[in-house]
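Convention: sequence-line order gives letters A, B, ...; per-chain numbering from 1. Please read all numbers here as calculations on a predicted model, not as lab measurements.
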Number of protein chains: 2
Amino acid sequence: MRKGELTRQAILDEAVRMARYSGLSGLTIGSLAAAADMSKSGVYAHFKSKEALQLACMERNSEQFIDEVIRPALAKPRGVTRLQAIVEYWMRWYSHPGGCLFLAAAAEFDDMTGPLHDQMVADQRGLLDSIARVASTAVSEGEFTGDTDLFQVAQEVLGILLSYNWMSRILTYPDAAERAWAAFNRLVDSHRI
Amino acid sequence: MRKGELTRQAILDEAVRMARYSGLSGLTIGSLAAAADMSKSGVYAHFKSKEALQLACMERNSEQFIDEVIRPALAKPRGVTRLQAIVEYWMRWYSHPGGCLFLAAAAEFDDMTGPLHDQMVADQRGLLDSIARVASTAVSEGEFTGDTDLFQVAQEVLGILLSYNWMSRILTYPDAAERAWAAFNRLVDSHRI
DNA sequence: GCAAAACTAGCACGATCGTGCTGAAAAATC
DNA sequence: GATTTTTCAGCACGATCGTGCTAGTTTTGC
């Protein structure tokens with residue numbers, strides 16, 4: 001009853017950690033069991049199927065993202081300050097060992113049907129909405145012009161984040177962060193009142 | 001001698017097509033053989049290992065990218081026109097059934113060691129250099145200021161492309177292309193002399 | 001046309017995958 | 001402390017994976 005939920009969370013944390021490296025498809029119950037010092041069936045019993053395990057991983061990952069990116073950003077003052085904060089925390093999120101599970105899931109499930117694909121799309125939509133929502137506070141605070149296209153801002157910020165991830169994680173360019181901030185500042189200035 | 005190379009290419013084309021959907025790790029020799037109407041060992045004989053098959057897929061994919069994106073762009077006049085062209089062809093490249101194999105490979109091999117990872121990094125570096133090289137023609141043609149940071153441009157163009165891919169392919173936002181061009185125009189204007 | 005080379009189907013191997021049953025150990029409830 | 005429920009290891013299953021050998025067919029070079 002309580003012990004079960006505890007080990008389930010422990011398994012899930014380990015699963016998310018492993019999935020960041022190998023992806024959710026590359027994650028196998030056998031290796032997960034070994035990492036969690038349990039038997040294969042012991043792990044399996046907590047999730048009635050592999051798909052359920054993968055979905056649980058995505059859910060856990062989203063929780064961690066909220067904890068590490070969304071909530072800290074919301075603690076900052078509304079407006080450009082908060083927009084800058086979410087980008088900063090987001091860039092830190094990308095530097096997790098193994099990378100970003102959202103990105104891995106998107107690459108794995110984009111051409112697929114079923115619950116995994118649907119959950120992935122919902123997650124991605126949530127990420128984009130988060131940016132747009134924070135950007136909207138810059139409008140309501142009078143920092144951005146009233147006719148600002150929030151999803152234009154969201155798409156461009158996402159682009160800055162994605163290319164930063166590419167440059168720093170894959171190509172290991174040391175100037176990636178600096179250039180990302182240059183792009184961000186130019187974007188913000190173009191919408192300033 | 002000649003027949004062998006022919007079927008090898010046919011297998012490879014089919015393999016790349018499949019890998020766009022499932023990734024290079026998800027690609028299995030069994031399903032590839034079925035799609036190519038051959039026996040498993042018949043396919044396997046052309047590539048002495050699965051890793052060699054995957055590497056050959058990456059090579060074939062790069063050739064196709066050159067044919068469909070790089071070469072057509074180089075046929076355009078140097079400068080902003082060519083930069084705009086490479087973005088346009090690149091966006092079309094992303095709309096291939098199954099998506100972009102460069103992106104899939106990057107997600108699969110980023111945290112890995114070995115030839116597959118190395119080839120992927122080399123490919124990605126090549127993609128970025130392509131953008132920077134085209135951007136440099138805008139400088140030499142006198143359209144961009146002389147102090148333009150070419151890799152700043154490259155990183156931002158890559159961001160526009162990546163976020164376009166995300167928005168259109170995963171989230172199926174219809175305005176993704178329009179917004180990508182808006183971002184592109186703003187970027188170009190900021191570097192115009 | 002013939003000999004040599006290249007190509008590919010058949011088959012089998014060890015390994016690993018997800019899944020599921022069964023029973024013992026542990027924990028929770030009273 | 002007894003009992004009921006939960007938790008988990010052992011084990012086995014069918015399927016599929018990559019790999020490789022062996023023979024026979026097809027294609028090539030002369």
Visitor: Under 4.0 angstrom, heavy atoms only, what part of the nucleic acid is B:Leu53 near: base, sugar-phosphate, or nothing?
Guide: nothing

Visitor: Run the side-chain contact (heavy atoms from CB on, under 4.5 Å) test against B:Glu88 and tell me which residues pass, sequence neighbours left out.
Guide: B:Gln84, B:Arg92, B:Trp181

Visitor: Of all the nucleotides listed (D:dT19, D:dA12, D:dA9), which has the minimum atom distance to the side chain of A:Met38?
Guide: D:dA9

Visitor: B:Ala45 or A:Lys50: which one's nearest nucleotide on DNA chain C is closer to the 5' end?
Guide: B:Ala45

Visitor: According to salt bridge (charged side-chain N to carboxylate O under 4.0 Å, His left out), who are the partners of B:Arg60, at least two apart in sequence or on a separate chain?
Guide: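 For B:Arg60 the salt bridge (charged side-chain N to carboxylate O under 4.0 Å, His left out) partners, ignoring immediate neighbours, are B:Asp13, B:Glu63.
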
Visitor: Dump the pairs, protein N or O against N or O of nucleotides 21-25 of chain C, anything under 3.5 Å, distances to one decimal.
Guide:
none

Visitor: Hey, could you give me each pair passing ring pair (Phe, Tyr, Trp, His ring centres under 6.0 Å) that has a residue in residues 49-87 of chain A? Not counting sequence neighbours.
Guide: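 Qualifying pairs: A:Phe65-A:Trp90, A:Phe65-A:Trp93, A:Phe65-A:Phe102.
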
Visitor: Can you sort out the partners of B:Glu141 under salt bridge (charged side-chain N to carboxylate O under 4.0 Å, His left out), two or more places apart, ordered by chain and number?
Guide: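 Only B:Arg78 meet the salt bridge (charged side-chain N to carboxylate O under 4.0 Å, His left out) criterion with B:Glu141.
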
Visitor: Output yes when B:Asp189 and B:Arg186 qualify as a salt bridge under the 4.0 Å nitrogen-oxygen rule, no when they do not.
Guide: no

Visitor: Quick one: ring pair (Phe, Tyr, Trp, His ring centres under 6.0 Å) partners of A:His117, sequence neighbours excluded?
Guide: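 Per chain and number, A:His117 pairs via ring pair (Phe, Tyr, Trp, His ring centres under 6.0 Å) with no residue.
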
Visitor: Looking at every strand, decide which applies to B:Leu27 at a 4.0 Å heavy-atom threshold: base, sugar-phosphate, or nothing.
Guide: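 If one applies the 4.0 Å heavy-atom cut-off, B:Leu27 turns out to touch the sugar-phosphate alone, with no base involved.
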
Visitor: Check salt bridge (charged side-chain N to carboxylate O under 4.0 Å, His left out) between A:Asp37 and all other residues, then give those that pass, not counting sequence neighbours.
Guide: none

Visitor: According to ring pair (Phe, Tyr, Trp, His ring centres under 6.0 Å), who are the partners of A:Phe144, at least two apart in sequence or on a separate chain?
Guide: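 Applying ring pair (Phe, Tyr, Trp, His ring centres under 6.0 Å) to A:Phe144 gives A:His191.
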
Visitor: Give, ordered by number, those residues of residues 105-113 of chain A having at least one heavy-atom distance below 4.0 Å to an atom of DNA chain C; if nothing qualifies, reply none.
Guide: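 Listed by number, there are none.
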
